[in-house]
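One structure below.
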2 protein chains.
Amino acid sequence: MALFDLLGRHWAMGVLWTLNEIGPSTFRRLQDECETISPATLNKRLKELQVAGFVHRAEGGYATTELGRDLYERLRPLGEFSKDWARHLSNL
Amino acid sequence: MALFDLLGRHWAMGVLWTLNEIGPSTFRRLQDECETISPATLNKRLKELQVAGFVHRAEGGYATTELGRDLYERLRPLGEFSKDWARHLSNL
DNA sequence: TCACTTGCTATGCTTTCTGTAGCGCATTAA
DNA sequence: TTAATGCGCTACAGAAAGCATAGCAAGTGA
């Protein structure tokens with residue numbers, strides 16, 4: 001699955017998620033929101049996500065495309081799941 | 001998101017996905033199905049997925065837990081998406 | 001002109017993955 | 001009893017990816 005290859009890289013899902021959550025933002029803003037990401041990695045991920053058609057440059061910096069928002073919607077179940085998962089881990 | 005950290009590693013989602021698709025299977029079978037994964041990495045991912053509670057050892061080798069199947073269900077939208085995505089990329 | 005912000009790039013180091021080989025153990029067949 | 005097979009890994013060595021930090025070049029605003 002080529003999608004897993006793209007998303008299965010450090011910060012790929014995190015960047016897409018964050019960009020959807022905070023809306024269009026500059027490189028530096030995104031870097032701050034992602035806290036521990038390095039600029040080199042952020043830059044790389046952003047380029048990959050642009051080639052993939054999930055992100056593009058817009059007013060206000062980087063933003064998700066329609067396709068990127070679509071993908072985000074399908075990523076959201078994972079967000080919910082992660083709560084269930086946290087509960088599971090604490091019930092050990 | 002701790003889940004993204006776990007799943008955002010080379011082959012993490014692929015292993016989980018494959019294990020759900022083919023059912024309980026041996027280390028070697030899994031290695032074959034994943035085609036290009038190296039044994040060291042497969043081993044590492046399997047350990048991580050076990051600690052996370054998504055995979056356990058069972059009759060027939062490795063298998064997904066109920067939680068792992070739950071996660072798989074939430075991963076499936078990505079599988080569908082990847083078809084839309086392929087269509088999008090070919091329509092450029 | 002000068003300070004400030006922006007999007008990066010550069011450097012050097014650590015961590016992660018890969019490809020290939022093969023070990024130790026268990027089961028099976030001769 | 002021995003040989004063959006399949007099993008789950010482990011052991012390297014080299015390549016690639018990531019990190020932290022520093023800083024540059026271009027644009028903007030005062």
Side-chain angles (χ1 to χ4, degrees), chain A residues 1-65 68 71 75 78 82, chain B residues 1-65 68 71 75 78 82:
Chain A
M1 186 99 50
L3 186 62
F4 283 171
D5 202 79
L6 177 66
L7 295 182
R9 287 182 193 164
H10 207 17
W11 278 110
M13 289 189 289
V15 167
L16 192 64
W17 183 278
T18 304
L19 203 51
N20 267 285
E21 295 275 293
I22 69 179
S25 57
T26 66
F27 187 94
R28 300 232 166 168
R29 167 94 196 283
L30 212 43
Q31 199 181 337
D32 288 347
E33 291 291 332
C34 292
E35 299 194 342
T36 62
I37 199 173
S38 75
T41 302
L42 176 56
N43 189 32
K44 220 172 181 181
R45 288 300 93 86
L46 280 172
K47 276 179 184 159
E48 291 163 0
L49 291 170
Q50 283 177 88
V51 169
F54 302 150
V55 166
H56 71 306
R57 314 198 107 224
E59 272 191 295
Y62 290 95
T64 49
T65 61
L71 174 54
L75 231 39
L78 293 180
S82 99
Chain B
M1 185 98 50
L3 186 62
F4 284 170
D5 202 79
L6 178 67
L7 295 183
R9 285 181 193 163
H10 208 14
W11 277 112
M13 290 189 287
V15 167
L16 191 66
W17 183 278
T18 305
L19 203 51
N20 266 286
E21 296 274 294
I22 69 179
S25 57
T26 67
F27 188 94
R28 300 232 168 168
R29 168 93 196 284
L30 212 43
Q31 198 180 338
D32 287 348
E33 292 291 332
C34 292
E35 299 194 341
T36 62
I37 199 174
S38 76
T41 302
L42 176 55
N43 190 33
K44 221 172 181 182
R45 289 300 92 87
L46 281 172
K47 277 179 182 159
E48 292 164 359
L49 291 171
Q50 283 176 89
V51 169
F54 303 150
V55 165
H56 71 306
R57 315 198 102 215
E59 275 192 293
Y62 289 95
T64 50
T65 62
L71 175 53
L75 231 39
L78 293 181
S82 97

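Order of the sequence lines fixes the chain letters, A, B, ..., with proteins taken first and strands second; residue numbering starts at 1 for each chain. This structure is a prediction, so every number in the text was calculated from the model and none was measured.
- Looking at heavy-atom distances under 4.0 Å, B:Arg57 makes contact with sugar-phosphate atoms alone, never a base.
- Residue B:Arg45 places at least one side-chain N or O closer than 4.0 Å to OP1 or OP2 of C:dC17.
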Using side-chain contact (heavy atoms from CB on, under 4.5 Å), reason through B:Asp5 and A:His10 one step at a time and then give a plain yes or no.
CA-CA 7 Å; B:Asp5 202 79; A:His10 207 17; 3.9 Å; yes

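- In this structure, A:Glu21 has no salt bridge (Lys or Arg N to Asp or Glu O under 4.0 Å) partners at least two apart in sequence or on a different chain.
- In this structure, B:Glu48 places its CD atom 12 Å from C1' of C:dC17, rounding to the nearest Å.
- Neither OP1 nor OP2 of C:dT9 sits under 4.0 Å from any side-chain N or O of A:Lys44.
- A straight line from CG of A:Asp5 to P of D:dA16 spans 15 Å, rounded to a whole angstrom.
- Annotation: the span from B:Thr65 atom OG1 to B:Leu49 atom CG amounts to 9.5 Å, rounded to 0.5 Å.
- Straight-line distance from the CZ atom of A:Phe27 to the C1' atom of D:dA25: 15 Å, rounded to whole Å.
- Regarding B:Glu59, its CD atom lies at a distance of 16 Å from the P atom of D:dC7, rounded to whole Å.
- The only option from A:Arg29, A:Glu35, A:Glu33 that meets the side chain to side chain contact (heavy atoms under 4.5 Å, CB included) definition with A:Thr18 turns out to be A:Glu33.
- The nearest whole Å value for the distance from the CG atom in A:Leu46 to the P atom in C:dG7 is 10 Å.
- Listed candidates were C:dC17, D:dG8, C:dT9. Nearest to the side chain of A:Asn43 is C:dT9.
- Rounding to whole angstrom units, CG of residue A:Asp32 and P of D:dA20 are separated by 13 Å.
- By the 4.0 Å N-to-carboxylate-O rule, B:Glu48 lies too far from B:Lys44 to be salt-bridged with it.
- Side chains of B:Ser82 and A:Phe4 form no contact here, defined as non-hydrogen atoms less than 4.5 Å apart.
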N/O contacts under 3.5 Å, protein versus nucleotides 18-23 of chain C?
{"from": "C:dT18", "atom 1": "OP1", "to": "B:His10", "atom 2": "NE2", "distance (Å)": "3.2"}
{"from": "C:dT18", "atom 1": "OP1", "to": "B:Trp11", "atom 2": "NE1", "distance (Å)": "3.4"}
{"from": "C:dT18", "atom 1": "OP2", "to": "B:Thr41", "atom 2": "OG1", "distance (Å)": "2.7"}
{"from": "C:dG19", "atom 1": "OP2", "to": "B:Thr36", "atom 2": "O", "distance (Å)": "3.2"}

